[in-house]
Amino acid sequence: MKEQLEKIYADASKDIENAVTSGDIDEIKNKYLSRKGELNSIKKNLKDLSVEDKKNVGSLANEIAQKLEAAVAQKFETIYRKELDEKLQKEKIDITMPGKFIPQGKVHPLTQTTNEIVDIFHSLGFSLVGNQNSPEVETEYYNFDMLNIPKDHPARDVQDTFYCNLASNVVLRSQTSGAQIHVMEEQKPPIRIIAPGRVYRNEDVNARKNNFFHQIEGLLVDKNITMGDLKGVLNEFIRLYFGESRQTRFRSSFFPFTEPSVEIDVQCIMCGGKGCRVCSGTGWLEILGAGMVDVNVLKGVGIDPEVYSGFAFGMGVERLAMLKYAVDDIRQFFNNDARFLNQF
Ligand code: PHE
């Protein structure tokens, strides 16, 4: 039995020496050291020996088992390190490799401009109206009647306004001013709101005009509001929006829903005020219409004009973007040419 043990020790030692993979180590453990392994099968036969031999062979078997366990553990350590190194080498990532280009979408320049304008008016204390008070598909009642626009006003003509065949009095709104009425019907003064949105006009398209475009409506109604407030707020807006001084002019004008009415022009930056096709030779581009809310409009929504007064304005988002970024054709905003859009 002693010789058998010596042989097991010699065989196992050789196997350990020759082991290359962690799989080989598992096999060795199984063959020699497991419950059903060679060492254990010898131990099972110890019971047939004399007491003395049992002691000697038993302790030799234990000694060999311990030595083999230690040798296996040591060899495993070496193999494990080697295998790990190989694995790390194989799975190495070169973090200096250039990445894959993933084109990213951008916020449309008109949306950027709208957001910027809305932020400015937020800072001046105006809040945004909900969509339900500023619908694109409107009734004549909100788009014209309540804004003091007479039945025979030329703006109502089909040449100017898109009528829907849903019902005879339904239009694609030609201005955001209907939002004023929706808000005043719902809310008592003080009122300080803005309403951005798309509007539609049946017009010939050119560098300055498109048959749909975007406006931002504003309305402020409170006690003791004067033309001075209107000028103050709009001048402050222009200063904040352009971030630099721009030549502007207030021109007296007419809107049925404001009295008195003004329009504000900003000097054309495409030609520096000399006159070009964008400003049709005038050197100026109109950016907004405004005025003191007409007494008839206030009465229509049940606000007492003896107590309250207010001003309203409607600005063109495309015009404001053109003047800030020197875009010389309004149609560029709608062509979806990535070379144009990526500049913003
Ligand atoms: N709604 C007018 C337009 O589209 C602009 C405007 C708004 C004028 C509010 C006065 C007050 O031209």
Side-chain angles (χ1 to χ4, degrees), residues 114 117-118 121 124 126 128-129 133-136 138-150 153-157 159-162 171-184 191-203 208-222 225-227 229-235 237-238 248-266 284-298 300-301 303 305 308-320 330:
T114 302
I117 296 171
V118 168
F121 281 103
L124 296 174
F126 288 73
L128 208 54
V129 308
N133 279 334
S134 182
E136 273 182 43
E138 231 349 332
T139 54
E140 283 192 278
Y141 179 82
Y142 288 101
N143 198 69
F144 298 124
D145 297 347
M146 293 298 280
L147 288 163
N148 199 34
I149 299 173
H153 194 282
R156 295 201 186 207
D157 285 356
Q159 290 101 302
D160 283 342
T161 301
F162 288 109
V171 298
L172 289 179
R173 68 173 168 195
S174 62
Q175 52 185 356
T176 44
S177 298
Q180 291 183 37
I181 306 301
H182 285 284
V183 170
M184 286 190 286
I191 295 170
R192 234 191 249 203
I193 56 94
I194 46 166
R198 185 174 281 191
V199 302
Y200 302 84
R201 285 183 200 174
N202 194 0
E203 284 188 300
R208 254 172 318 137
K209 284 184 181 168
N210 195 37
N211 45 25
F212 67 87
F213 56 99
H214 298 79
Q215 286 189 329
I216 296 179
E217 191 77 15
L219 172 71
L220 186 153
V221 183
D222 204 342
I225 299 301
T226 69
M227 196 73 180
D229 298 305
L230 179 156
K231 268 194 96 168
V233 166
L234 292 177
N235 273 335
F237 161 73
I238 288 166
T248 55
R249 65 179 188 192
F250 278 66
R251 240 181 328 106
S252 85
S253 184
F254 174 80
F255 299 102
F257 38 95
T258 49
E259 180 61 33
S261 302
V262 294
E263 283 177 299
I264 298 181
D265 299 335
V266 174
W284 299 92
L285 267 176
E286 180 212 325
I287 56 160
L288 64 85
M292 302 306 291
V293 182
D294 196 284
V295 169
N296 285 338
V297 173
L298 292 175
V301 291
I303 293 177
Y308 295 104
S309 55
F311 65 82
F313 55 87
M315 49 182 69
V317 177
E318 283 80 356
R319 294 281 179 85
L320 282 160
I330 194 170

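When a residue number appears, it is its place in the shown sequence, counting from 1. Just so we're clear, the structure is a prediction, and the values are computed from it rather than from any experiment. Counting starts at 1 for both ligands and their atoms, following the listed order.
Looking at heavy atoms from C-beta onward, T176 lies out of side-chain contact with I216 at the 4.5 angstrom threshold. In this structure the side chain of V171 reaches within 4.5 angstrom of the side chain of E138, judged on heavy atoms. Between F237 and M315, some side-chain heavy-atom pair lies under the 4.5 Å cut-off. Between M292 and T258 there is no side-chain heavy-atom pair separated by less than 4.5 Å. Looking at heavy atoms from C-beta onward, I287 lies in side-chain contact with I238 at the 4.5 angstrom threshold.
In summary, the aromatic rings of F121 and F313 are positioned with their centroids under 6.0 Å apart.
By the 3.5 Å distance cut-off applied to N or O atoms, E217 is not counted among the residues near ligand 1. In terms of polar-atom proximity, defined here as any N/O pair under 3.5 Å, T258 makes no such contact with ligand 1. The N/O atoms of Q175, backbone and side chain alike, include one that comes under 3.5 Å of an N/O atom in ligand 1. In terms of N/O distances under 3.5 Å, ligand 1 is approached by S177.
Of the protein's non-hydrogen atoms, G289 O, 3.6 Å is the one closest to atom 6 (C) of ligand 1. For atom 12 (O) of ligand 1, the nearest non-hydrogen atom of the protein is F255 CE2, 3.7 Å.
Under a 4.0 Å heavy-atom criterion, R201 is in contact with ligand 1. Ligand 1 lies nowhere less than 4.0 angstrom from a heavy atom belonging to F311.
Contact atoms of ligand 1 toward Q180: 9 (C) (distance under 4.0 Å to a heavy atom of the residue). Per-residue contacts place A290 under 4.0 angstrom from the following atoms of ligand 1 (heavy atoms of the residue considered): 8 (C), 10 (C), 11 (C). Close approach of ligand 1 to G314 is summarised as follows: ligand atoms under 4.0 Å from at least one heavy atom of the residue are 6 (C), 7 (C), 9 (C).
Only one option out of P135, S174, S177 pairs with N143 in a side-chain contact (heavy atoms from CB on, under 4.5 Å); it is S174.
Only the backbone of F313 comes within 4.0 Å of ligand 1, counting heavy atoms alone; no side-chain atom from C-beta on gets that close. Residue M315 does not touch ligand 1, judged by heavy-atom distances below 4.0 Å.
For D145 and R156, the salt-bridge test passes: some basic side-chain N is under 4.0 Å from an acidic carboxylate O.
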Show, in sequence, the C-alpha distance, side-chain angles and deciding distance for E217 and Q180, and conclude whether the side chain to side chain donor-acceptor pair (under 3.5 Å) test is met.
CA-CA 8 Å; E217 191 77 15; Q180 291 183 37; 2.6 Å; yes
